[in-house]
Amino acid sequence: QVQLVESGGGLVQAGGSLRLSCAASGRTFSTFTTYVAGWFRQATGKERELLADINWSGGTRYYADSVKGRFTISRDNAQNTVYLIMNSLKPEDTAVYYCALRPRFTQGYPYWGQGTQVTVSS
């Protein structure tokens, strides 16, 4: 079993910043560097979307167009933690944010956090 715990969500004004954290642990948790980490979000009435992902070393990162240039994904393998730094937040960024892990060389994300609410006021 792999547990992911997100933190750092909250209420922020438009133009503000937040940093989300996601700590991984578990009895059968393998080496953190064997996982690709991703951040997703789901707004009310919308489908869950992939915002960013990062490979084991941090050398390869993907960003959705909607967050490119504003959000930064990073990881600390020594701490088994993934971060999402969100700058220049907009009201349309309001959503529940989730982190997820998938084993390298696979497609789907089997491990998910419980989500953290981010609300951006105008």
Side-chain angles (χ1 to χ4, degrees):
Q1 204 60 334
V2 176
Q3 286 85 45
L4 302 177
V5 179
E6 300 106 333
S7 60
L11 174 63
V12 64
Q13 287 188 331
S17 299
L18 284 174
R19 187 182 80 159
L20 304 183
S21 300
C22 173
S25 64
R27 184 175 63 85
T28 60
F29 182 60
S30 181
T31 304
F32 189 58
T33 53
T34 65
Y35 296 95
V36 173
W39 282 98
F40 294 73
R41 71 183 177 192
Q42 187 167 20
T44 303
K46 295 189 176 181
E47 292 186 356
R48 186 174 298 184
E49 63 171 323
L50 173 64
L51 302 177
D53 66 29
I54 185 168
N55 75 331
W56 72 275
S57 68
T60 301
R61 310 181 196 199
Y62 159 84
Y63 293 99
D65 288 343
S66 57
V67 304
K68 196 173 295 182
R70 299 189 298 124
F71 290 11
T72 302
I73 188 171
S74 64
R75 64 191 293 164
D76 182 340
N77 290 331
Q79 299 296 322
N80 293 345
T81 301
V82 185
Y83 302 97
L84 186 69
I85 298 173
M86 306 184 295
N87 295 320
S88 303
L89 283 162
K90 307 174 183 179
E92 51 264 44
D93 293 319
T94 295
V96 179
Y97 284 68
Y98 300 88
C99 68
L101 296 183
R102 63 174 173 86
R104 288 183 296 179
F105 314 121
T106 64
Q107 294 296 319
Y109 283 84
Y111 307 115
W112 293 84
Q114 81 287 353
T116 185
Q117 176 71 44
V118 171
T119 302
V120 184
S121 63
S122 57

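Counting from 1, the numbers follow the sequence of the chain as shown.
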Going from [atom1] on [X] to [atom2] on [Y], what distance comes out if it is rounded to the nearest 0.5 angstrom?
X     : Y      : atom1 : atom2 : result
Cys99 : Leu20  : SG    : CG    : 9.0 Å
Tyr62 : Leu51  : OH    : CG    : 8.5 Å
Asn55 : Arg104 : CG    : CZ    : 9.0 Å
Thr72 : Leu84  : OG1   : CG    : 8.0 Å

- Message: If the condition is side-chain contact (heavy atoms from CB on, under 4.5 Å), which residues does Val12 pass it with, not counting sequence neighbours?
- Response: Leu18, Leu89, Val120

Within the side chain of [X], is there an N or O that forms a donor-acceptor pair under 3.5 Å with the backbone of [Y]?
X     : Y     : value
Glu6  : Cys22 : no
Arg61 : Ile73 : yes
Arg75 : Phe32 : yes

Heavy-atom closest contact ([X] atom, [Y] atom, distance):
X      : Y      : answer
Ile85  : Arg19  : CG1-CG, 3.8 Å
Ser17  : Asn87  : OG-OD1, 2.8 Å
Ala52  : Tyr63  : CB-CD2, 3.7 Å
Arg102 : Thr106 : NH1-O, 2.6 Å
Leu101 : Ala24  : CD1-CB, 4.1 Å

- Not counting sequence neighbours, which residues clear ring-ring contact (aromatic ring centres under 6.0 Å, His included) with Trp56? List them please. none

- With sequence neighbours excluded, residues passing ring-ring contact (aromatic ring centres under 6.0 Å, His included) with Phe40: Tyr109, Trp112

With a 4.5 Å cut-off on side-chain heavy-atom distances among I, L, V, M, F, W and Y, is there a chain of contacts connecting [X] to [Y]?
X      : Y     : answer
Ile54  : Leu50 : no
Tyr83  : Trp39 : no
Leu4   : Val96 : no
Tyr111 : Tyr98 : no

- From Arg41, Gln117, Gln42, residue fulfilling side chain to side chain donor-acceptor pair (under 3.5 Å) relative to Tyr97: Arg41

- Query: Does some side-chain heavy atom of Glu49 sit less than 4.5 Å from a side-chain heavy atom of Ser66?
  - Reply: yes

- Task: May I ask you to decide whether Lys90 forms a salt bridge with Asp93, counting only side-chain N to carboxylate O separations under 4.0 Å?
- Result: no

